J.: 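After the structure tokens below, expect a handful of questions from me.
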Amino acid sequence: MLLKKRSRETAEVPQAGMADIAFLLLIFFLVVTTIDVDTGIGMQLPPPPDPEQEPPPIRERNLMNILVNAQGLILINEEPASLAEVQQLVMDFVDNENRAQDPNLAESPRQAIVSIKTDRQTSYEIYIDMLDEVIGAYRQLRNEAAQREFGISYREYTNRVPREDNVIREMYPQNISLAEPDPGS
């Protein structure tokens, strides 16, 4: 007796359908996925001014001019300063009524404006360092105010209070003017 061996058919998975599904899934994830890229400087810009309305007059004592030249030298109101001094000078200027009470500095934090102007040849690092020092001065002032008024840090305060009810932000509005750089030589 000869037994005939049956050839077994092997089970096959259709490959063409799997490739189509994989391709569709790839397209779906490419379309749906967002990639977070944190670049640039996170600043909230004011609304554009009304072209028919004249800008309000600014008293000279309420304006702090910071100039960074092409060599990275810093002039604050035409006086040389180091980068390490900038934060304290900005804090004294903005919070003049609670600190120095100098008649040549800002009348109140709401009226104080810090203007930063650079040269086109100024290195980007120095510009960012200068901006960090000025923003750090405001952060320090807000933190001190939150400690004084509520006994918590400004970060904790902002986590508890909605942005529109933030009284500390209203006490120390961040009035920073970034002027067009000089064309340089």
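Every value quoted in this text rests on a predicted model; they were computed, and no experiment measured them.
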J.: Arg160: which residues meet the side chain to side chain donor-acceptor pair (under 3.5 Å) condition with it, sequence neighbours left out?
T.: none
J.: Look at the side chain of Asn175 and the backbone N and O of Arg110, then say whether any donor-acceptor pair between them is shorter than 3.5 Å.
T.: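 Yes; judged by distance alone, with no hydrogens or angles, the pair exists.
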J.: Which heavy-atom pair separates Leu141 from Tyr172 by the least distance, and what is that distance?
T.: O-CE1, 3.9 Å
J.: Hey, are the side chains of Tyr154 and Arg169 touching, using non-hydrogen atoms and a 4.5 Å cut-off?
T.: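 They are in contact (side-chain heavy atoms under 4.5 Å apart), so the answer is yes.
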J.: By the ring pair (Phe, Tyr, Trp, His ring centres under 6.0 Å) test, which pairs, at least two apart or in different chains, include something from residues 110-152?
T.: Phe150-Tyr157
J.: Check the hydrophobic clustering (I, L, V, M, F, W, Y; side-chain heavy atoms under 4.5 Å; chains of links allowed) and say if Ile128 and Leu73 are grouped together.
T.: no
J.: I'd like to know if the side chain of Asn96 reaches the main chain of Glu107, judged simply by a donor and an acceptor atom lying under 3.5 Å from each other, with no hydrogens or angles considered.
T.: no
J.: Has Glu164 got more than 12 heavy atoms of other residues, nucleotides or ligands less than 6.0 Å from its CD?
T.: yes
J.: For the residue pair Gln111 and Arg59, establish whether any side-chain heavy-atom pair is separated by less than 4.5 Å.
T.: no
J.: Looking at every non-hydrogen atom in both residues, tell me the closest pair between Pro109 and Met171 and how far apart they are.
T.: CB-O, 3.3 Å
J.: Please name all residues satisfying side chain to side chain donor-acceptor pair (under 3.5 Å) with Ser153, sequence neighbours left out, ordered by chain then number.
T.: Glu156
J.: Any donor-acceptor pair under 3.5 Å linking the side chain of Asn62 with the backbone of Ala112?
T.: no
J.: Please tell me whether Met130 and Leu75 are part of a single hydrophobic cluster in this structure, the criterion being side-chain heavy atoms less than 4.5 Å apart.
T.: no
J.: Can you give me the closest heavy-atom contact between Glu97 and Gln101, atom names plus distance?
T.: O-NE2, 3.2 Å
J.: Taking a hydrophobic cluster as the set of Ile, Leu, Val, Met, Phe, Trp and Tyr residues connected by side-chain heavy atoms closer than 4.5 Å, whether directly or through intermediates, do Met64 and Leu67 fall within one such cluster?
T.: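 No; Leu67 is not reachable from Met64 via cluster members.
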J.: Counting only heavy atoms not in Gln53, do more than 12 fall under 6.0 Å of its CD?
T.: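 No, because the 6.0 Å sphere around CD of Gln53 holds 12 heavy atoms or fewer from other groups.
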J.: Should Phe29 and Val32 be counted in the same cluster of Ile, Leu, Val, Met, Phe, Trp and Tyr side chains packed under 4.5 Å apart?
T.: yes
J.: Could you please spell out the steps behind the side-chain hydrogen bond (donor to acceptor under 3.5 Å, both in side chains) verdict for Gln147 and Asn143?
T.: CA-CA 6 Å; Gln147 289 286 345; Asn143 197 35; 4.5 Å; no
J.: Out of curiosity, Glu79 CD to Glu85 CD, how far, rounded to the nearest 0.5 Å?
T.: 11.0 Å
J.: Side chain to side chain contact (heavy atoms under 4.5 Å, CB included) with Ile176: which of Ile135, Val90, Ile113, Ile66?
T.: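 Of Ile135, Val90, Ile113, Ile66, side chain to side chain contact (heavy atoms under 4.5 Å, CB included) with Ile176 is met by Ile135 alone.
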J.: Could you tell me the separation between the CD1 atom of Ile116 and the OG atom of Ser177, rounded to the nearest 0.5 Å?
T.: 8.5 Å
J.: Run the side chain to side chain contact (heavy atoms under 4.5 Å, CB included) test against Asn65 and tell me which residues pass, sequence neighbours left out.
T.: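 With sequence neighbours excluded, Asn65 shows a side chain to side chain contact (heavy atoms under 4.5 Å, CB included) to Glu60, Leu63, Asn77, Ser115, given in chain and number order.
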J.: Look only at the side chain of Thr118 and the backbone of Val68, and say whether a donor-acceptor pair between them is shorter than 3.5 Å.
T.: no
J.: Rounded at 0.5 Å granularity, tell me how far CD1 in Ile76 sits from CG in Leu89.
T.: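 One gets 4.5 Å once the value is rounded to the nearest 0.5 Å.
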J.: Ignoring hydrogens and angles, tell me if any N or O in the side chain of Thr122 forms a donor-acceptor pair with the backbone of Asp119 under 3.5 Å.
T.: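 Yes, Thr122 side chain to Asp119 backbone: donor-acceptor pair under 3.5 Å.
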J.: Taking only residues at least two apart or on different chains, which pairs with a member in residues 144-155 satisfy salt bridge (Lys or Arg N to Asp or Glu O under 4.0 Å)?
T.: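 Sorted result for residues 144-155: Arg99-Glu144.
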J.: Measure the CZ-CD distance between Arg142 and Glu170 for me, rounded to the nearest 0.5 Å.
T.: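 With rounding to 0.5 Å, CZ (Arg142) is 10.5 Å from CD (Glu170).
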J.: Who passes side chain to side chain donor-acceptor pair (under 3.5 Å) against Asn98, sequence neighbours left out?
T.: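 Result, side chain to side chain donor-acceptor pair (under 3.5 Å) vs Asn98: Asp95.
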